[in-house]
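Just below is one structure, and these are the notes that go with it.
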Amino acid sequence: MAKYAQYTTVPIERSQAEMKKTLARYGARNIATLDGDHEHAIAFVYGGWLVRMKLPMPENDDRERRRLWRSFNLIVKAKLEAIENGVSTFEREFLPDLVIPATGTTVGEWMQPQWPALAAGEQQLPMLPAPA
């Protein structure tokens with residue numbers, strides 16, 4: 001099966017600008033993109049919640065980087081459309097990406113290393129860190 005946007009020529013900067021515009025249209029504010037060597041991210045505030053979504057980036061493959069940003073755009077727009085149309089909720093779509101103020105990590109980053117023990121019944125769900 002072909003990968004979504006595998007032949008895109010859309011520059012990453014244009015995909016980022018489109019995502020910022022889409023987020024703003026749905027009510028997000030304080031929107032920022034973060035570009036690292038191995039990981040890109042977008043951060044924004046929505047309904048009082050700080051959201052940070054990371055996107056792993058391959059090295060030295062500009063075509064794949066462009067494709068990933070097109071896919072990232074599609075995912076975020078679909079989530080926002082689902083929320084807007086009552087198909088889903090903000091929490092259901094973005095819970096793993098919510099930033100925990102006390103630690104600066106996302107709920108997903110906090111939960112992921114604990115999940116195997118929780119799923120196996122070897123550990124109880126711990127409390128989230130207390131606010132600073």
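Residue numbers run from 1 in the order of the sequence given. Side-chain atoms are counted along with the backbone in the values below, which use heavy atoms only and exclude waters and symmetry mates. Just so it is clear, the structure is predicted and the values come from calculations on it, not from any experiment.
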Is there a path of hydrophobic side-chain contacts, each under 4.5 Å between heavy atoms of I/L/V/M/F/W/Y residues, joining Val51 to Ile75?
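Not linked; separate clusters.
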If Ile, Leu, Val, Met, Phe, Trp and Tyr residues are connected whenever their side-chain heavy atoms lie under 4.5 Å apart, and connections chain through other members, are Leu34 and Met53 in the same group?
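They do not share one cluster, since no chain of ILVMFWY contacts under 4.5 Å joins Leu34 to Met53.
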As an exercise, state the distance from [atom1] of [X] to [atom2] of [Y], rounded to the nearest 0.5 Å.
X: His38; Y: Leu55; atom1: NE2; atom2: CG; result: 14.0 Å
X: Ile100; Y: Trp110; atom1: CD1; atom2: CH2; result: 6.5 Å
X: Phe72; Y: Ile12; atom1: CZ; atom2: CD1; result: 12.0 Å
X: Thr106; Y: Leu98; atom1: OG1; atom2: CG; result: 8.5 Å
X: Arg63; Y: Thr9; atom1: CZ; atom2: OG1; result: 11.0 Å
X: Lys79; Y: Leu23; atom1: NZ; atom2: CG; result: 12.0 Å

- prompt: When Ile, Leu, Val, Met, Phe, Trp and Tyr are grouped by side-chain heavy atoms lying under 4.5 Å apart, directly or through other members, which residues fall in the same group as Tyr4?
  reply: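 When side chains under 4.5 Å apart are linked, the cluster holding Tyr4 also contains Leu74.
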Connecting only ILVMFWY residues whose side-chain heavy atoms lie within less than 4.5 Å of each other, what is the rest of Val45's hydrophobic cluster?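 Leu50, Val99, all in the cluster of Val45.
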I need the minimum non-hydrogen distance between [X] and [Y], along with the two atoms involved.
X: Ser15; Y: Trp69; value: CB-CB, 3.8 Å
X: Val10; Y: Arg66; value: O-CD, 3.1 Å
X: Asp37; Y: Arg65; value: O-NH2, 2.7 Å
X: Pro113; Y: Pro116; value: O-CD, 3.7 Å
X: Pro58; Y: Leu68; value: CD-CD1, 3.6 Å

Q) Mind checking what makes ring-ring contact (aromatic ring centres under 6.0 Å, His included) contact with Phe94, not counting sequence neighbours? A)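 For Phe94 the ring-ring contact (aromatic ring centres under 6.0 Å, His included) partners, ignoring immediate neighbours, are Phe44, Phe90.
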Which pairs, with at least one residue in residues 19-30 and sequence neighbours excluded, count as a side chain to side chain donor-acceptor pair (under 3.5 Å)?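 Output for this query lists Tyr26-Glu81.
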* Asked: Would you find more than 12 non-hydrogen atoms of other residues, nucleotides or ligands less than 6.0 Å from Gln112 atom CD?
  ->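 No, the 6.0 Å shell around CD holds no more than 12 heavy atoms from other groups.
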Set out, in order, the CA-CA distance, both residues' side-chain angles and the distance that settles side chain to side chain contact (heavy atoms under 4.5 Å, CB included) for Glu18 and Arg70, then state yes or no. CA-CA 10 Å; Glu18 286 177 23; Arg70 296 311 298 163; 2.9 Å; yes
Which pairs, with at least one residue in residues 101-119 and sequence neighbours excluded, count as a salt bridge (charged side-chain N to carboxylate O under 4.0 Å, His left out)?
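Counting only pairs at least two positions apart or across chains, the salt bridge (charged side-chain N to carboxylate O under 4.0 Å, His left out) contacts touching residues 101-119 are Arg52-Glu109, Lys54-Glu109.
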- Output all residues satisfying side-chain contact (heavy atoms from CB on, under 4.5 Å) with Ala32, sequence neighbours left out; order by chain, then residue number.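 Ala32 satisfies side-chain contact (heavy atoms from CB on, under 4.5 Å) with no residue once adjacent residues are dropped.
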Check ion pair Glu84-Lys77 (N to O, under 4.0 angstrom):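 A salt bridge is absent here (no side-chain N lies under 4.0 Å from a carboxylate O).
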Donor-acceptor check, side chain of Gln6 to backbone of Lys3, threshold 3.5 angstrom: yes or no?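 Present.
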List the steps, then state whether side chain to side chain contact (heavy atoms under 4.5 Å, CB included) holds for Leu118 with Met111. CA-CA 10 Å; Leu118 289 167; Met111 183 65 151; 3.6 Å; yes
